[in-house]
Amino acid sequence: MVFAGLSGGEVDAVKCSFGKVTDLAGTGAELFLKYFQAHPSGMDYFKWKGQSLDAVKADAYLQTHGNRVMSTLKTVIGSIEDAGKCEALITQLGNLHTGRNVAAADFEALFPIIAGVLSEKCGGALAGDASSGWQKLYNEIVRLIDAGQKSAAAGGAREEFLGAIGAN
């Protein structure tokens, strides 16, 4: 079963648009810098509270975390025809972020930034099946993150999650 109820055309368009991302760490770092510009309080979830964007940009951890986020998206998109696998991974992601007090609304605020970065990689705004596919995908990701956060604490979730996305 296809994750998030995407049509065949939407699956193809999401995969094609994400295929334009060749540098996961660099794209992830770019994504977070743009997010922090729009939502400076987002830096409070990391060790960068009160720091400048230049200081954040110079921190190697930005690339590390950016790579993890983009690797997670790559894993989800690569498994998009297996709804169960995607649901388990994203619910686990929600569990992992519970202890950091990152709310589902914070993930929701990240979507326009992701869409903008993908649009840049694709040479223009996402349209048609790509636009509707990404919107459905991200709505389901946020829903599952929220569900994961509401579930019981995930002992050992970090290592299991990083292993699942191949970023440990």
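Keep in mind that the numbers below use all heavy atoms, side chains included, and drop hydrogens, waters and symmetry copies. Along the sequence shown, the residues carry numbers beginning at 1.
- Under the 4.5 Å side-chain criterion, counting only non-hydrogen atoms from C-beta, Val11 is not in contact with Ile77.
- Minimum heavy-atom separation, Leu137 to Ala4: CA-CB, 4.0 Å.
- The CG atom of Leu93 sits 8.5 Å away from the CD atom of Gln149 when rounded to the nearest 0.5 Å.
- Using a 4.5 Å heavy-atom threshold, the side chains of Phe111 and Ile141 count as separate.
- Asp129 pairs by the salt bridge (Lys or Arg N to Asp or Glu O under 4.0 Å) definition with nothing, not counting sequence neighbours.
- For Phe36 and Phe46, the distance between ring centers is under 6.0 angstrom.
- If you check the side chains of Gln63 and Asn67, you find no donor sitting under 3.5 Å from an acceptor.
- Ring geometry, Tyr61 versus Trp48: the interplanar angle falls from 30° to 60°, so the pair is classed tilted.
- One distance of note links CE of Met43 with CG of Leu33; it measures 9.5 Å at 0.5 Å rounding.
- Separation of atoms CD (Glu140) and CD1 (Ile145) is listed at 10.5 Å; rounding is to 0.5 Å.
- Atom NZ of Lys136 sits in a crowded spot, with more than 12 heavy atoms from other residues, nucleotides or ligands closer than 6.0 Å.
- Rounding to the nearest 0.5 Å gives a distance of 12.5 Å between CG of Leu96 and OG1 of Thr91.
- A salt bridge is absent between Glu30 and Lys57; no separation between the charged side-chain nitrogens and carboxylate oxygens falls under 4.0 Å.
- Inter-residue side-chain proximity for Thr27 and Lys121 is flagged as met; some heavy-atom pair is nearer than 4.5 Å.
- Atom CD1 of Ile113 is separated from atom CD of Gln37 by 8.5 Å, given to the nearest 0.5 angstrom.
- Contact of the Arg143 side chain with the Ile90 side chain is not registered, since no non-hydrogen atoms from C-beta on lie closer than 4.5 Å.
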What do the steps show when you test Leu89 against Leu144 for side-chain contact (heavy atoms from CB on, under 4.5 Å), and what is the final call?
-> CA-CA 9 Å; Leu89 178 67; Leu144 290 168; over 6 Å; no
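- Residues Asp106 and Tyr35 meet the side-chain proximity criterion, which asks for heavy atoms closer than 4.5 Å.
- Within the 4.5 Å cutoff, the side chain of Cys86 has no heavy atoms near those of the Asp82 side chain.
- Considering every non-hydrogen atom in both Ala109 and Pro112, the closest pair reads O-CD, 3.3 Å.
- Considering only heavy atoms from C-beta on, Trp134 comes within 4.5 Å of Ser17 through its side chain.
- His97 and Tyr45 have their aromatic ring centers separated by at least 6.0 angstrom.
- For the pair Phe18/Met70, a side-chain contact is recorded, criterion being any heavy-atom separation below 4.5 Å from C-beta on.
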Show your working on side-chain contact (heavy atoms from CB on, under 4.5 Å) between Lys15 and Ile80 and close with a plain yes or no.
-> CA-CA 9 Å; Lys15 286 182 174 184; Ile80 208 163; 3.7 Å; yes
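- Between the side chains of Glu10 and Ser132, at least one donor N or O lies within less than 3.5 Å of an accepting N or O.
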